[in-house]
Amino acid sequence: MGYILSDETKDLLADVKKFCDNEVKEQCKAYDVSGEWPKEIYDKAVEMGLSTLEVPKEYGGIGLDRISCAALYEEMAKADAGFFTTMTSSNLALKPVLIAGTEEQKKWACDVLLKGGYASFCLTEPMAGSDAANSKTTAVRDGDEYVINGRKCFITNAPVADFFIVTAMTDKTKGVKGMTAFLVSKDTKGLSTTNHENKMGIRTSTTSDVVFEDMRVPVSSRLGEEGTGFITAMKTLDLSRTFVGVGAVGIMQRAIDEAVAYSKTRITFGKPIGKFEAIQFMIADMEIKCETARQMCVHAIDLMDNGLPFSKESAIAKCYAGDNAVQVALDAIQILGGYGYSREYPVEKLLRDAKIFQIYEGTNQVQRMVISKNVIGKF
Ligand code: COS
């Protein structure tokens with residue numbers, strides 16, 4: 001399946017596959033229609049430790065290596081991309097804590113997740129999406145506290161999160177160097193979630209705005225020094241974008257599996273459509289895209305694991321996988337024809353789910369900015 005795994009991980013993967021096949025894949029169809037957050041599925045997944053794969057061993061987690069995480073995340077996305085999004089988003093929020101936090105902050109955040117909690121990474125604002133530096137959220141120092149005011153939007157897990165990573169401007173005159181990150185507990189006065197998004201896809205994940213109204217947080221909740229928030233956010237996204245690519249690979253693999261199964265049973269002109277070269281070559285092209293994307297993710301992980309620069313490769317993996325997930329889902333719909341367009345069959349959902357992979361954790365236009373900056377450099 002494209003990853004070289006230890007026997008231990010293969011066993012773990014088999015357990016995750018079993019869980020996804022039996023408890024997620026079919027069940028999520030109804031939740032895709034209702035848009036309801038399937039708490040009972042998530043309770044079981046959290047119980048199994050699927051939301052804390054990346055919590056390091058020194059903080060009580062299993063600290064699974066990145067390739068193993070990729071294999072497991074792909075399996076989750078194959079079952080349901082909203083499920084994958086929910087499971088990976090707490091790890092996204094944990095990354096800035098592990099990058100810039102104190103020992104106390106790391107221990108606290110890991111404990112919250114290990115006890116079954118969720119977390120949200122709050123960078124995006126109504127006027128600061130791709131232009132993340134254009135943040136309007138402010139944090140004003142007042143003695144031993146900061147007073148935070150502002151609004152974040154499109155925040156995954158927000159309605160269920162136990163802690164939030166919040167970026168805010170501590171000094172607007174310094175541009176990106178005036179942004180600071182904070183680790184904020186859900187119980188903090190002045191914090192609320194609102195405007196639950198009714199999304200096109202990944203409907204089993206929950207997404208909302210997060211609002212801060214004169215929210216007071218202690219100085220000890222600051223992640224790193226003042227002014228380091230933007231760089232911490234960028235480092236976080238560099239790490240997480242490869243896993244977004246992995247999620248898109250999961251969608252592609254599911255699309256291929258569905259298209260292959262259909263092509264063996266659907267009879268046209270007296271034989272299964274899989275016997276026609278027109279279909280065989282479409283499936284071959286889908287496989288080329290899927291396996292290429294998977295290996296791009298593997299390559300980015302290899303660079304990370306070896307302490308080499310990986311920002312460009314992570315962006316390439318996310319961008320290529322996201323763009324091709326949309327195309328491969330469209331191809332699966334084409335192979336299923338009218339049935340592919342029907343909500344009774346699973347492939348139209350794959351297209352709706354795939355679309356977000358070109359948008360979240362940096363649009364694919366932003367990925368191209370990152371890639372071109374790395375290739376061309378400053379001049
Ligand atoms: N790692 C470390 N430092 C980084 C970095 C990275 N990956 N990316 C940028 N920086 C640094 C730069 O080196 C620069 O510092 P210096 O001025 O000291 O050289 C500083 O950060 C500003 O960088 P840059 O000028 O490239 O910033 P821009 O405002 O042009 O923004 C993009 C760059 C577009 C890449 C950034 O805003 C971005 O990623 N936007 C999308 C945000 C996103 O993914 N949102 C989704 C949220 S999660 S769903």
Side-chain angles (χ1 to χ4, degrees), residues 81-82 84-96 98-100 119-137 150-158 161 164-169 171-181 197 199 201-202 205-210 223-225 227-245 247-248 300 303-304 307-319 322 355-379:
F84 157 86
T85 299
T86 303
M87 291 293 107
T88 49
S89 288
S90 295
N91 291 286
L92 168 67
L94 182 62
K95 286 182 175 71
L98 297 176
I99 290 169
S120 286
F121 179 65
C122 308
L123 175 69
T124 304
E125 299 182 10
M127 289 308 293
S130 293
D131 187 5
N134 191 35
S135 170
K136 304 291 180 228
T137 299
R151 173 183 286 260
K152 301 286 176 174
C153 62
F154 304 132
I155 305 300
T156 307
N157 278 355
F164 298 82
I165 302 304
V166 180
T167 52
M169 301 307 288
D171 187 346
K172 280 188 171 178
T173 63
K174 291 187 180 159
V176 295
K177 303 283 160 61
M179 186 184 278
T180 303
E197 295 291 343
K199 303 187 295 293
I202 55 164
S205 66
T206 183
T207 314
S208 77
D209 288 7
V210 185
L223 282 180
E225 294 303 313
T228 60
F230 186 79
I231 304 285
T232 300
M234 292 301 112
K235 287 182 177 169
T236 298
L237 291 167
D238 278 348
L239 284 165
S240 69
R241 281 173 181 154
T242 298
F243 285 145
V244 175
L303 295 174
M304 284 175 205
L308 294 164
F310 59 87
S311 179
K312 181 187 76 176
E313 288 75 10
S314 194
I316 290 175
K318 190 267 180 193
C319 188
K355 185 61 199 167
I356 195 62
F357 288 79
Q358 291 182 305
I359 299 172
Y360 71 2
E361 295 201 28
T363 63
N364 281 3
Q365 284 68 31
V366 161
Q367 308 311 318
R368 288 175 169 90
M369 285 168 72
V370 172
I371 296 161
S372 60
K373 267 188 192 174
N374 270 276
V375 174
I376 303 168
K378 284 186 183 167
F379 66 99

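Here the structure is a predicted model, which is why all the values come from computation and not from measurement. One is the number of the first residue; the rest follow in order along the sequence. Indexing begins at 1, ligand by ligand and atom by atom, following the structure's order.
At least one N or O atom of Lys378, backbone or side chain, sits closer than 3.5 Å to an N or O atom of ligand 1. Geometrically, ligand 1 and Gly362 share a nitrogen or oxygen pair separated by less than 3.5 Å. Residue Thr124 places no N or O, backbone or side chain, under 3.5 Å from any N or O of ligand 1. The shortest N/O to N/O separation between Asp131 and ligand 1 does not fall below 3.5 Å. The N/O atoms of Lys235, backbone and side chain alike, include none that comes under 3.5 Å of an N/O atom in ligand 1.
Residue contacts with ligand 1, taken as heavy atom pairs separated by less than 4.0 Å, involve Arg241 solely via side-chain atoms from C-beta onward. Residue contacts with ligand 1 for Ala233 are absent, since no atom lies close enough (heavy atoms, distance under 4.0 Å). Contacts with ligand 1 closer than 4.0 Å are made by no heavy atom of Thr156, backbone or side chain.
Of all protein heavy atoms, the one lying nearest to atom 35 (C) of ligand 1 is Val370 CG2, 3.7 Å. Ranking the protein heavy atoms by distance from atom 18 (O) of ligand 1 puts Lys177 NZ, 2.8 Å first. Of all protein heavy atoms, the one closest to atom 31 (O) of ligand 1 is Phe230 CZ, 3.9 Å. Counting protein heavy atoms only, atom 1 (N) of ligand 1 is closest to Asp238 OD2, 3.8 Å. Of all protein heavy atoms, the one lying nearest to atom 37 (O) of ligand 1 is Ser130 O, 3.3 Å. Of the protein's heavy atoms, Met369 CE, 3.6 Å lies nearest to atom 34 (C) of ligand 1. Regarding atom 33 (C) of ligand 1, its nearest protein heavy-atom neighbour is Lys373 NZ, 4.2 Å.
Nearest to atom 29 (O) of ligand 1 by heavy atom, out of Gly175, Gly129, Ala133, is Ala133. Between the choices Ile356, Leu123, Ile231, the shortest heavy-atom distance to atom 10 (N) of ligand 1 belongs to Ile231. Comparing Glu361, Glu125, Met234, Lys152 by heavy-atom distance to atom 38 (C) of ligand 1, the nearest is Met234.
Heavy-atom contacts from other residues, nucleotides or ligands closer than 6.0 Å to CZ of Phe310 number more than 12. In Lys199, the NZ atom is crowded: over 12 heavy atoms of neighbouring residues, nucleotides or ligands sit closer than 6.0 Å.
The minimum heavy-atom distance linking Ser314 with Thr242 is given by the pair OG-OG1, 2.7 Å. The heavy-atom pair separating Gly362 from Lys318 by the smallest distance is O-NZ, 2.7 Å.
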So Ser120 and Asn157, side-chain hydrogen bond (donor to acceptor under 3.5 Å, both in side chains) or not? Walk me through it. CA-CA 6 Å; Ser120 286; Asn157 278 355; 5.3 Å; no

As a quick check of understanding, evaluate side-chain contact (heavy atoms from CB on, under 4.5 Å) for Glu197 and Asp209, giving each step before the final call. CA-CA 8 Å; Glu197 295 291 343; Asp209 288 7; 4.2 Å; yes

Thr85/Tyr360 under side-chain hydrogen bond (donor to acceptor under 3.5 Å, both in side chains): CA gap, chis, key distance, verdict: CA-CA 10 Å; Thr85 299; Tyr360 71 2; 3.0 Å; yes

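Remark: Ile165 CD1 to Leu94 CG distance equals 8.0 Å, nearest 0.5 Å. The OG1 atom of Thr124 sits 14.0 Å away from atom CZ of Arg151, with the distance rounded to the nearest 0.5 Å.
In this structure, Thr363 and Val366 have side chains that are in contact, with non-hydrogen atoms separated by less than 4.5 Å. In this structure, Thr207 and Ile202 have side chains that are not in contact, with every pair of non-hydrogen atoms separated by 4.5 Å or more. Proximity of Gln365 to Ser130: side-chain heavy atoms (C-beta onward) are nowhere separated by under 4.5 Å.
Short contacts between ligand 1 and Ala132, defined as distances under 4.0 Å to a heavy atom of the residue, involve ligand atoms 37 (O), 42 (C). Atoms of ligand 1 lying under 4.0 Å from any heavy atom of Leu237, numbered from 1 in the order shown and given with element: 43 (C), 44 (O), 48 (S).
Using a 4.0 Å threshold on non-hydrogen atoms, atom 42 (C) of ligand 1 counts as touching the protein. Under the 4.0 Å distance rule, the nearest protein heavy atom to atom 5 (C) of ligand 1 falls inside the cut-off. Distance check for atom 24 (P) of ligand 1: a protein heavy atom is found below 4.0 Å.
The main-chain N or O of Cys319 is found under 3.5 Å from a side-chain atom of Asn364 such that the two form a donor-acceptor pair.
Between the side chains of Lys152 and Thr167, at least one donor-acceptor pair of N or O atoms lies under 3.5 Å.
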